[in-house]
Every structure is written in structure tokens, then in C-alpha cells.
*Asks:* 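Have a look at this one.
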Protein chains: 4
Amino acid sequence: MNIHSHVPLSDKRTAILEAALDLFVERGYHGTAVPAVAERAGVGAGTIYRYFKSKEDLVNALFRHWKQALAGQIIAGVSPTAPPREQFHQLWGGLARFARNHPKVFAFLELHHHASYLDEESRATETRVLDLARAFVARLQDQGVLRPMPAMAIMILVYWGLVGLTRCAQEGRLDLTDDVLVQAEECLWDAIRA
Amino acid sequence: MNIHSHVPLSDKRTAILEAALDLFVERGYHGTAVPAVAERAGVGAGTIYRYFKSKEDLVNALFRHWKQALAGQIIAGVSPTAPPREQFHQLWGGLARFARNHPKVFAFLELHHHASYLDEESRATETRVLDLARAFVARLQDQGVLRPMPAMAIMILVYWGLVGLTRCAQEGRLDLTDDVLVQAEECLWDAIRA
Amino acid sequence: MNIHSHVPLSDKRTAILEAALDLFVERGYHGTAVPAVAERAGVGAGTIYRYFKSKEDLVNALFRHWKQALAGQIIAGVSPTAPPREQFHQLWGGLARFARNHPKVFAFLELHHHASYLDEESRATETRVLDLARAFVARLQDQGVLRPMPAMAIMILVYWGLVGLTRCAQEGRLDLTDDVLVQAEECLWDAIRA
Amino acid sequence: MNIHSHVPLSDKRTAILEAALDLFVERGYHGTAVPAVAERAGVGAGTIYRYFKSKEDLVNALFRHWKQALAGQIIAGVSPTAPPREQFHQLWGGLARFARNHPKVFAFLELHHHASYLDEESRATETRVLDLARAFVARLQDQGVLRPMPAMAIMILVYWGLVGLTRCAQEGRLDLTDDVLVQAEECLWDAIRA
DNA sequence: CATGAATGAGTTTTCATTCAT
DNA sequence: TATGAATGAAAACTCATTCAT
């Protein structure tokens, strides 16, 4: 999947973002040199600065892009009128599909969770997504479908469960098959349903 | 809790390890300058190199120390003869107490792009601990107490659930009270029991 | 004479090599700071690392370059068919001219003789040059022109005589005029001829 | 031979000077760390500063001590009334014996020739010795025994010849037997006699 | 637009020297 | 007197960023 779904504003911009994603996940933000990003992207080091004001600007663009993409995909996949268990199935399916298609993105988004180089706008994006999710959980709790406990805790158990599965799969410690994803869905539904 | 449980071999060594833990969690390994560690530890920059061969040696010492401390505390807390639900209670209690007492350690241990700077010995320590846990889970699965699915996946859902709770608590997004921990225990037991 | 005889691949590289030569002779390898080399070369400190992997790489490049240049100039100047005394005259003339034109190089090559920071390739270069010279001396000994004694000793008396003359001239203790060089040639020929 | 011929003021001082000599010859002045000298001397690092004001003070003490020892031994060995060839024999014998007994000292004295860390007193010592030698050579030139050329040049050919022989012997490139030393004496006498 | 050579501020690390014991 | 842990200044080296081409 391309970073620019519709209009590839620039192949180079995309190449830079993809290279940056790879390296930030592999070595972390501070452990990644800008010339290394340029080399992997197949562009000159100076070129990066035509598309991004700075290294910090680059990591923030990457973060916001994917955070929004993830939120959008999840929201689009969940039908507001479906019954709760079906909604959870759609939600988990969306998350799992995303984690499967973009395992590096998934690792990146948590790696850089709340990091000092994320700017106000990125934090705002993060908070917006969280608030959306919290409202969704709270509504189901009001309906008595989910357990009465902090909505945040419910979200965490589900989301970080998938983070853990994805990371361990990336490290080769777990084979993240469809079966395992289905089993995990069942587990987590049992974890949170009232 | 002191890094040297019995004999504080050296106050400075301990101070350095504690300062390094704080900063590695706050800013990451590559984002942390050695003089910053020294300053927070209240020692001269050169002093760090009297206790650790290099910055890499320091992060590895820190990792191994705490990985072993965590494993030791958990193992010590679980009675091999207790009934399964009680064993899970002991396990979760040990983990939760550890995460509560050393939230930074808990964050640090999973702060992975460790991949690039952890040495062979540290990886071996990690693998040893994992194998221990896997054996424990597999035994309960054989007894039909836990769901038939990859043991690793079960471990991940529980462990990363707590990682998520701890990290979000650190970020101020969640108030990790005893109540929440008890509720989470109930959730996760329902997640994994057969 | 330029370090790049034909094509000055890079003015900066040459400037760095020349600055390094000056400083290594003045203050020794370990006594010379890389930024000092940069300053004398009129480049930024980081620039040195665009042309040389490390300080050690720099000193080795310098050593090999000049060792080969010296050997080449000597070999080119000696006619294989000339009578022995004439060959010695050519040899001495070549050496003396080199020492006169590049007194610092001459000092450098002996200063760094067998130093711990010279790598395998540099030692190989050194050995190759020495073997060439030894063969030359041995042939003249076989012809009964030079005294029967270790070829190495003969080479040393001539070569180190010139090293001493050059070094003392550099220190201002001796005025190394053409006359003195001619007289020294006469002395050393009498020293080694049968 | 002990650094303090008569009264061993202190074993530690001697041990330090001997260790420093070894290391300065092996790695140069700037390449030698004071703690490394202490370790080889078998004393604490701080102890060095009870005997020498600084590293520079240490290298100067070492230089002066051995320069004077060398000069003294040579002077003592040459009989002012002997015939010239015999005087040269005594001189060469003294030098050669010294170089044989203390090859590292011989290397050290020229390695550190006129280096920037030698102080005024060390330079004065050097100059005094040179002037003595120059007067000796000049007298023989006046008698028509040695060639009419700068006295300094004559001294250099002889002295640096031995320096070269000693250094190459140390490097293992030459076996410096008594035979070779006798042959070299003959060579150098032929080099300088009128 | 795109580049990559150049740079200096900042990083990790070493070491001469001090000083409490 | 002797020590060696401690240190900060300075070393080698890296890298985000700029700018001439």
C-alpha cells in the first residue's frame, strides 16, 4: 500500500517515508541517521530537506500519516448498527488486518508513543483517536455489553495484546497465523465482555 | 529495591544504573548521552567508564539485571502446588507488584529496538526466561486448564496487557489503582482459561 | 610535488595529507589531534573523515604513498648498466635530492618506522622496498664491489647516515649544502666499497 | 644496570623510569598513558606523582639521565693520549657496548630528539654533549686525521649509523653480532679518516 | 529540482592529575 | 608514604543540516 493512496504527489516523498519507517523501526529515531534514510530511499541526503523541514518533521509526518490511516481504516470497518459482538469482530479484524499488512507501522506507532520528538499536532492526533475509541467503548459499557471498569483499561488490553502479538511475530518468536488471530479475538472478547 | 540486593558493592555503580534506567526510558538508548547519565547519577562523566566498558555494556548490564530480577520475583511468588487459578493469581500479583514498584523497569524491558545493541548474553537471558514461562503455560494447557492455542500467544496477551496498562499509567492516561489491577486479572483469566 | 602526481583527484585530500605530514613530523602521531590537522589543511574537522576512515587510515595512506614515491624515484634514477660507483652516485643523488625536496617526508618515514598503528599493507610496502634494496646490494657484493658483510648493514649505514644528516639539518644543527652531500657520498662510498 | 648506579634512592622511582622507558619506546610519549606506566612499574598511578611533577617531568628526567649516562660512559672509555685510530676504536666500542646493553635507551634518545615536550634543561644537556663531541672531532680534523668537512656531519655518519643498526636489530631485521659491529667500525673509520 | 560534499556541534571515550583514605 | 577511585578536559569520530553546483 502506498503512503499516498490516491495521488502520488511525489515518488521521492513516498520513498523517503518508507525508508524512514523501516529504519526507525529497526534502530529507533535517534539511532537512525538521515543520510541512511536517504540511501535506503535511493535519493540524495539533501533531497530529504526538500520534502521535510527536519528529521523531526519527518518522523512527525510519518506518525500522523499512519495514526490517521489506522484510525480511518478501523472506523470505516465498524458498522455502527451491527450487534456488539459483530462490532468487536469488525474492529479486531480491521486492527489485525492492518497489523498483518503493515507490521512495521504497527511497531512504529507504539515505539514512538509519546516520544519527546513528537510535536503538539501529533499528540493531538493521538488524543483524537483515543477519544474516539474511548467513546465507542463507553457506549458499549453503558449498554451493559462490556465490563464496568475504566474504558481505557479495556482498550489497552485489546490493543496491547495485538501489539505484543505483532512484535513477537516480527521477532520470530510467534507464527501469527489467521488461526492465532481468531483465537486471540475470542480470548479478548471473553476478557472484556460483561 | 537496590540493584545489589545484599551488599551495595558500590553506591556509584547503583546510582549510574538507576540514572541510566530513567533516561533510557525517557529518551531511548540512542537519545541518551553518557554525560547526561553521569549528571543524573551525580558522578563525573569519566566515572561511568570505571564501572562499564562502554555505553553498550551499561545498557546490557541494566537489561540482564532487571530481566533476571523480574523472572526471579515471579518464580519465587508462584507456588507449584497451588490450584491453577491461584497460580495465575500469584503470577499476576507478582507481575503487577513488580510493575507498580518499578514501572520504569517494566517499560525499559520492552523498549525494544534493543535488537541492535543487546549482546548475545542478554538475548540468552531473555530466551531463558521465555522458555521457563512457556513451559509453565504448556503444563497448564496439558491439564486442560488453559485454552489450546500457542503457549506464546497466551503469554503475550497477559504480559503485554500489563505492559500496556503500565505504560499508559506512566503517561498519565490511566490511573492504575489496585481495583483496576484486580479487574484486569479477572479479564485476563477469562481470556485464557479453557 | 603533488601527492597525486597526475590528476589532483581532490584538493582537500591533498591538503589534508600535507597538513598531516607537517604535524605528524612536528608532534608525532599520538601528539597530533585530528582537528589540528583539519585546521592546518583549511577544512572542517568532519571533512577528514570523508577522505579517510580514521586517523589510523590517514597515517597509513601517508606512509604508503611516500614510501612508494621514494622507492620509485630511487629505482628510476639508477641505471642498471652503469658501473658500480656511478650506480652508487645515482642512488645517493636520488636519495639526497628526495631528502632535500621533502625533508619532512624523510623524517616522517623513519619516525613511523614499524609503529604500532601501521597496518599490514603498510608493512608489506616497507618490506617490498627493503627486499629490492637488499637484492641490489647483494648483487654488488657478489661482484666483489662492496664489502662482504650483511647486506642489511650496508644499507643501514648509507640510509641512516642520510636520515641523520637530514634530521640534524631540520633541527638547525647542520647546514646541509650540496658540498656536504657530495662529501658524505664520498665518505659512505669509502665505507662500503670492498 | 640500575638507573641509580650508586645509591638506589628508591626502588619505585627506578621501576617507574624503567617502565616509562619501555613504553615510550614501544608507543611513543603521547601514545603512553601514565596509568599504563604505573601498572608496568607495579605501583599505583598516584605514586608516579610522588616522584615526578608530571608526565613531562618524567620524560625529561629519563632523557637527561640517559643522555648523561651515555656521554659519561663514552668519555670515560676514550683515552685522550691514545693514537687516533685507537681513540675511534674506544669510542665505537663504548657506543656499541652501550647500544647492545641498552638498546631501548638508544632508541629512546633519538626518538625523542628535540621533541616539544623536552624542556630547556634537557636541550642544554643535549647541546653540552654535542659540543663535547664536536670538539673531539674538530681536534682530530686539525691533526689531519679526519676529513675536512663539517665536524657535525662526521659525528652524524658514525652515530646515526649505529642508531640505524640498533633500531633494525630491535625490529628483527638485522642480527647485530660482534662481527657486524667490528665490520661497521671498520666501514665508518674508512668513511671519516682523511 | 536534486544532489552530495562540507561542516561544526555534539557524541562516546580516554587519560593526566588529584585527593581522601 | 602509597594508593587508586574519581574527574573533567580533550580526544576521535558522527551526523543533521546547508549550499554550491
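All chains are named by letter (A, B, ...) in the order of the sequence lines, taking the proteins before the strands, and each is independently numbered beginning at 1. Keep in mind it's a predicted model, so treat the numbers as computed, not measured.
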*Asks:* Heavy atoms of chain A, cut-off under 4.0 Å: which first and last nucleotide of DNA chain F, 5' to 3', fall inside that, if you could look?
*Replies:*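 So the outermost contacting nucleotides come out as F:dA16 to F:dT18.
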*Asks:* Strictly by salt bridge (charged side-chain N to carboxylate O under 4.0 Å, His left out), give each pair with a member in residues 46-62 of chain B just once, sequence neighbours left out.
*Replies:*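 Of all non-adjacent pairs touching residues 46-62 of chain B, none passes salt bridge (charged side-chain N to carboxylate O under 4.0 Å, His left out).
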*Asks:* Can you sort out the partners of B:Ala38 under side chain to side chain contact (heavy atoms under 4.5 Å, CB included), two or more places apart, ordered by chain and number?
*Replies:*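 B:Ala38 satisfies side chain to side chain contact (heavy atoms under 4.5 Å, CB included) with B:Val43, B:Ala45, B:Ile48 once adjacent residues are dropped.
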*Asks:* The criterion is side chain to side chain contact (heavy atoms under 4.5 Å, CB included); which residues satisfy it with A:Ala36, sequence neighbours excluded?
*Replies:*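 Result, side chain to side chain contact (heavy atoms under 4.5 Å, CB included) vs A:Ala36: A:Leu23, A:Ala33.
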*Asks:* Give me the residues of residues 22-31 of chain C where at least one heavy atom lies under 4.0 Å from an atom of DNA chain E, by number, or none.
*Replies:*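 Under 4.0 Å from DNA chain E: no residue of residues 22-31 of chain C.
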*Asks:* Under the side chain to side chain contact (heavy atoms under 4.5 Å, CB included) test, which residues partner C:Tyr51, sequence neighbours left out?
*Replies:*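 With neighbours one apart ignored, the set is C:Ser10, C:Lys12, C:Arg13, C:Ile16, C:Thr47.
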*Asks:* Quick check for you: to the nearest 0.5 Å, what is the distance between B:Phe24 atom CZ and B:Leu17 atom CG?
*Replies:*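 If I round to the nearest 0.5 Å, the distance is 9.5 Å.
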*Asks:* For the backbone of D:Leu118 and the side chain of D:Ser122, can you confirm whether one donor and one acceptor N or O come within less than 3.5 Å of each other?
*Replies:*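 Such a contact is absent between D:Ser122 side chain and D:Leu118 backbone.
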*Asks:* Please list residues of residues 38-51 of chain C whose heavy atoms come under 4.0 Å from any atom in DNA chain E, ordered by number; otherwise none.
*Replies:*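 Listed by number, they are C:Val43, C:Gly44, C:Gly46, C:Thr47, C:Arg50, C:Tyr51.
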*Asks:* Distance check, rounded to the nearest 0.5 Å: C:Asp11 atom CG versus C:Glu18 atom CD?
*Replies:*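 One gets 9.5 Å once the value is rounded to the nearest 0.5 Å.
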*Asks:* Take the protein atom NZ of B:Lys55 and the nucleotide atom P of E:dG10, then report the distance between them rounded to whole Å.
*Replies:*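 B:Lys55 atom NZ is separated from E:dG10 atom P by 16 Å.
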*Asks:* Tell me, which pairs form a salt bridge (charged side-chain N to carboxylate O under 4.0 Å, His left out) where one or both residues lie in residues 115-126 of chain C, sequence neighbours left out?
*Replies:*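 For residues 115-126 of chain C: C:Arg64-C:Asp119, C:Arg64-C:Glu121, C:Lys67-C:Glu126.
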*Asks:* Which pairs pass salt bridge (charged side-chain N to carboxylate O under 4.0 Å, His left out) with one or both residues in residues 33-48 of chain A, sequence neighbours excluded?
*Replies:*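 Sorted pair list: A:Asp22-A:Arg40, A:Glu26-A:Arg40.
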*Asks:* Using the side-chain contact (heavy atoms from CB on, under 4.5 Å) rule, take A:Trp66 and A:His102 through it: C-alpha gap first, then chi angles, then the decisive distance, then the call.
*Replies:* CA-CA 10 Å; A:Trp66 283 114; A:His102 313 291; 4.2 Å; yes
*Asks:* Is any side-chain heavy atom of C:Val105 closer than 4.5 Å to a side-chain heavy atom of C:Leu70?
*Replies:*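 Not touching, per the 4.5 Å side-chain cut-off.
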*Asks:* Hey, which sits more toward the 5' end of DNA chain F by its nearest nucleotide, C:Pro35 or A:Glu56?
*Replies:*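 First, find each residue's nearest nucleotide; the 5'-ward one identifies C:Pro35.
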*Asks:* Quick one: stems involving DNA chain E, counted as three or more successive Watson-Crick or G-U pairs, both distances short of 3.5 Å.
*Replies:*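 Only these stems qualify: E:2-21 with F:2-21.
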*Asks:* Under the rule for side chain to side chain contact (heavy atoms under 4.5 Å, CB included), what residues qualify as partners of C:Leu111, not counting sequence neighbours?
*Replies:*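 Expected list: C:Arg167.
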*Asks:* Which nucleotide in the list E:dA2, E:dT13, E:dT7 gets nearest to the side chain of A:Lys12?
*Replies:*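 My answer, after comparing the listed nucleotides, is E:dA2.
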*Asks:* Suppose we screen for ring pair (Phe, Tyr, Trp, His ring centres under 6.0 Å). Which residues come up paired with C:Tyr117, at least two apart in sequence or across chains?
*Replies:*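 C:Tyr117 satisfies ring pair (Phe, Tyr, Trp, His ring centres under 6.0 Å) with C:Tyr29, C:His30, C:His112 only.
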